[in-house]
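Working notes, structure below.
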Amino acid sequence: HSLEFISRSPEQTRRAGMHLGALLKPGDLICLLGDLGSGKTTLVQGISAGWGSLDAVSSPTFVIVNVYRRSNGFHAGKREQRLFHLDAYRLSGPAEAQALDLDEMLEAGALVVEWADRVQTALPKECLEIAMRYVDDDQRDLVLTARGSRYEWMLREFRRRVYGVG
Ligand code: ADP
Ligand code: MG
């Protein structure tokens, strides 16, 4: 239910994110833990690219939620799909997160949360948790933990895509 690996460059972190992003569906939740500079936003850049975002990722200093869009091939009657990126760094706690209508976001798209530990009680229990840690200038330690069967599937699929096994 858990997978640890060392990323040796920002590009490698983005590539890992791309594999995850390709797996996301509305309702999915990815919780990112780790200090400033541990690579959370870099991972989100990959996630959003792999998901197929038309929009660039920014590290939101003032913006708390970023919304990325992707085309669905312009099929009649289908709405544009969305990926939500919440940076909880500046939130005072779960109550403030709850006021953002996270449930509504999860109905409309997938949600990736930086500093998820700060707003944990406002988030569903089931998620893919990714704990990131600074090792040295170029290296980051990533521990992916599946919380719930949907995320066990996601982690298996991630492992299969990255390592070509499973
Ligand atoms: P956070 O969102 O956790 O504060 P960022 O992704 O904004 O972190 O910043 C991470 C910084 O560390 C970036 O400047 C990035 O280029 C650098 N970095 C160096 N090595 C890595 C790596 N292996 N993975 C991710 N980022 C890395
Ligand atoms: Mg960040």
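These numbers come from a predicted model, not from an experiment. All ligand and atom numbering here is 1-based and tracks the order in the structure.
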* Asked: Does Y89 reach the side chain of L36, with side-chain heavy atoms less than 4.5 Å apart?
  -> yes
Please set out all donor-acceptor pairs under 3.5 angstrom arising from side-chain atoms of residues 101-111, sequence neighbours excluded.
none

* **Heavy-atom nearest neighbour of atom 26 (N) of ligand 1 within options T42, D138, L36, D136** => T42
* For ligand 1, is there an atom lying under 4.0 Å from some heavy atom of D35? -> yes
* To do: Counting heavy atoms only, name the option from A16, G37, G46, P10 that's nearest to atom 4 (O) of ligand 1.
  => G37
* To do: First locate atom CD of E152, then atom NE2 of H1, and finally report the distance between them rounded to the nearest 0.5 Å.
  => 5.0 Å
* To do: For E114, counting its heavy atoms only, list the atoms of ligand 1 lying under 4.0 Å from any of them.
  => 2 (O)
* To 10°, measure the OE1(E114)-the Mg ion (ligand 2)-OG1(T41) angle for me. => 90°
* With a 4.5 Å limit on heavy-atom distance, are the side chains of E4 and D141 in contact? -> yes
* Going from CE on M132 to OG1 on T41, what distance comes out if it is rounded to the nearest 0.5 angstrom? -> 9.0 Å
* Asked: For the atom pair CD1 (I130) and CG (L33), what is the distance rounded to the nearest 0.5 Å?
  -> 9.0 Å
* Of all the heavy atoms in Q12, does at least one lie under 4.0 Å from an atom in ligand 1? -> no
* Can a non-hydrogen atom of D137 be found less than 4.0 Å from any atom of ligand 1? -> yes
* **Cationic N near anionic O, under 4.0 Å, R161 to E157** => yes
* Asked: Any nitrogen or oxygen of T41, main chain or side chain, under 3.5 Å from a nitrogen or oxygen of ligand 1?
  -> yes
* **Selection residues 117-161 - residue pairs positive for ring-ring contact (aromatic ring centres under 6.0 Å, His included), sequence neighbours left out** => none
* Is there at least one pair of N or O atoms, one from K40 and one from ligand 1, spaced under 3.5 Å apart? -> yes
* Asked: Does G34 have a non-hydrogen atom less than 4.0 Å from ligand 1?
  -> no
* Check ligand 1 against S7 and write out every atom of the ligand that is under 4.0 Å from a heavy-atom position of the residue. => 22 (C), 23 (N), 24 (N)
